[in-house]
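Single-structure report; data block below.
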Amino acid sequence: MQSYHEMTTAQARAYFEQFMSEMDASRERLANTLREQGADPGLAYDPTPQSLDPIWWALSPLLAWQDGWTPTPSGLPRPTMAALGDLDALPSWVSTVGGPIEFSPSTIWIIDGVGRHLGNVMVASVPPSQWSVGHHRIRAYVYQNRPVITAPETADVNPLGLVAVLASRTLEGVYKSGDTSPWPLDVEIAAQAPAETGVPTPQKSPEPASPAVDGCTCGEHLVDVAEQVVPFAASGEAKDSGDSPVGVADLVAAEALGAEEVEDEPGRWMLWFGDETRAHYDDDAPMSLDDVVALAPGVSEVVREDRETILVRAPGRCENAMVAVAACALLDDRVRRTVRA
């Protein structure tokens, strides 16, 4: 199993072609599940935004976390891939690159079916949108090599990721059947649609803006740790970094340490640890950076995308607080085998 970021261009293209070849089977599976729930199976073949709401609420009673696991403020214990059983019996993206493993196998199939349906609705509703392989010149681009929806002059959209977030929020009670606010994914479609397509623009319930540090309830912020010096590790890679003290503020200013909320996925953050941070942690330390990040208050999911990037689910946190989470992980002595004298 490899991450999307580890794929070569040829591997990403080959998987994308496999992913697209599975669309017909996905529609049929979605239709069968709707039928079993007493809903109209024809919704699975309806490429309009109006199909999304009845599909979701027909399937929402089937949503479940992974057996024996529920979210906790610390993010521990973590859900495990082993608990999912035979990966070949799950959607191809699970056995190929992994995925949101905190859900039950049946829920993962729902995310797959509804996510693909959402993408197809976007393609039909918002020309010239299309399924494509995510690509950006930035190496740590969060959607690199993923199947995404692309359109000129708009941000890429990861439909499966959106539905995974929706599943979490539905299980957590944030979204409930009968809510007067529109289904969140209708908003995503309208946001991509030019006015001439005739796609109705729903009124989106406002998301809370990232709060200022003053009065913010996120907890620790960058200002609380900015002046701390980050110890050097004693690994071989650290020896070329010089002996000048390096502070958290220095790494942030050099854009070697930071956080950014993933576009279209509120509450999911990308933390990055650039090349300059390599001098400060060891691969064989008692704990990895992602192990420490998982212990931060409010973090409910951690996925290590590659050496530089960690994806984190932490709803309700502001960007400043998430930079502090990244900084505190680097300051934690458990990410170093020993500290250079």
Side-chain angles (χ1 to χ4, degrees), residues 71-79 102 140 142 208 210-235 237-238 241-262 265-341:
T72 62
S74 69
L76 296 176
R78 298 186 189 181
E102 68 267 32
V142 69
S210 294
V213 174
D214 290 341
C216 179
T217 60
C218 289
E220 201 162 35
H221 288 85
L222 180 58
V223 67
D224 300 311
V225 296
E227 300 305 316
Q228 294 194 40
V229 173
V230 185
F232 285 109
S235 65
E237 292 191 45
S241 301
D243 296 318
S244 299
V246 175
V248 169
D250 298 320
L251 293 172
V252 173
E255 298 185 348
L257 189 67
E260 180 179 351
E261 193 166 27
V262 177
E265 297 189 32
R268 187 178 289 271
W269 296 86
M270 178 177 70
L271 309 185
W272 68 84
F273 299 82
D275 290 340
E276 293 88 341
T277 67
R278 282 294 299 123
H280 303 283
Y281 65 92
D282 293 305
D283 289 335
D284 57 350
M287 295 183 70
S288 63
L289 287 171
D290 43 311
D291 286 335
V292 177
V293 168
L295 298 175
V299 170
S300 61
E301 179 190 352
V302 174
V303 177
R304 188 68 178 260
E305 282 283 290
D306 54 29
R307 180 179 286 276
E308 295 186 350
T309 310
I310 299 175
L311 291 179
V312 175
R313 182 172 293 161
R317 292 299 191 265
C318 70
E319 180 177 326
N320 193 284
M322 294 311 297
V323 177
V325 167
C328 287
L330 209 55
L331 288 166
D332 195 305
D333 284 338
R334 291 173 293 182
V335 303
R336 287 171 283 277
R337 187 174 65 252
T338 56
V339 177
R340 193 200 305 180

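- Ion pairing of D291 with R304 is absent here, as no side-chain N (NZ or NE/NH1/NH2) approaches a carboxylate O to less than 4.0 Å.
- Although no hydrogens or angles enter the test, the distance criterion places no donor-acceptor pair under 3.5 Å between the side chain of E260 and the main chain of L271.
- Interatomic distance, CZ of R337 versus CG of D283, reported as 9.5 Å (0.5 Å rounding).
- A side-chain contact (heavy atoms from CB on, under 4.5 Å) with M287 is found for one member of D333, V293, L295 and no other, namely L295.
- Side-chain contact between E301 and R268: present, with at least one pair of heavy atoms (C-beta onward) separated by less than 4.5 Å.
- Annotation: side chain of P297 is in contact with side chain of R317 (closest heavy-atom distance under 4.5 Å).
- Considering every non-hydrogen atom in both V325 and A296, the closest pair reads CG1-CB, 3.9 Å.
- Between L251 and L330, some side-chain heavy-atom pair lies under the 4.5 Å cut-off.
- When every heavy atom of A327 is checked against every heavy atom of V248, the shortest pair comes out as CB-CG1, 3.7 Å.
- Residue V312 comes nearest to V299 through the heavy atom pair CG1-CG1, 3.6 Å, listed as atom of the first residue, atom of the second, then distance.
- Partners of A249 according to the side chain to side chain contact (heavy atoms under 4.5 Å, CB included) rule, which considers only residues two or more places apart in sequence or in another chain, are A226.
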Problem - Working for side chain to side chain contact (heavy atoms under 4.5 Å, CB included), residues H280 and L331 - result: CA-CA 8 Å; H280 303 283; L331 288 166; over 6 Å; no
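- In plain terms, the two heavy atoms of Y281 and A233 that are nearest each other are N-CB, 3.8 Å.
- Shortest non-hydrogen contact noted between A329 and V335 is O-CG1, 3.5 Å.
- When side chains are defined from C-beta on, R313 does not count as touching V262, because their heavy atoms never get closer than 4.5 Å.
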Exercise for the section: Would you sort out whether E319 and L222 count as a side chain to side chain contact (heavy atoms under 4.5 Å, CB included), showing the intermediate values? Expected result: CA-CA 9 Å; E319 180 177 326; L222 180 58; over 6 Å; no
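- Of the inter-residue distances, the one linking D290 atom CG with L311 atom CG reads 11.0 Å to the nearest 0.5 angstrom.
- A distance of 6.0 Å separates CZ of F273 from CG of L257, quoted to the nearest 0.5 Å.
- Smallest separation of non-hydrogen atoms from W272 and M270: CE3-O, 3.9 Å.
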Practice task
Decide yes or no on side chain to side chain contact (heavy atoms under 4.5 Å, CB included) for R336 and F232, but give the supporting numbers first.
Solution key: CA-CA 8 Å; R336 287 171 283 277; F232 285 109; over 6 Å; no
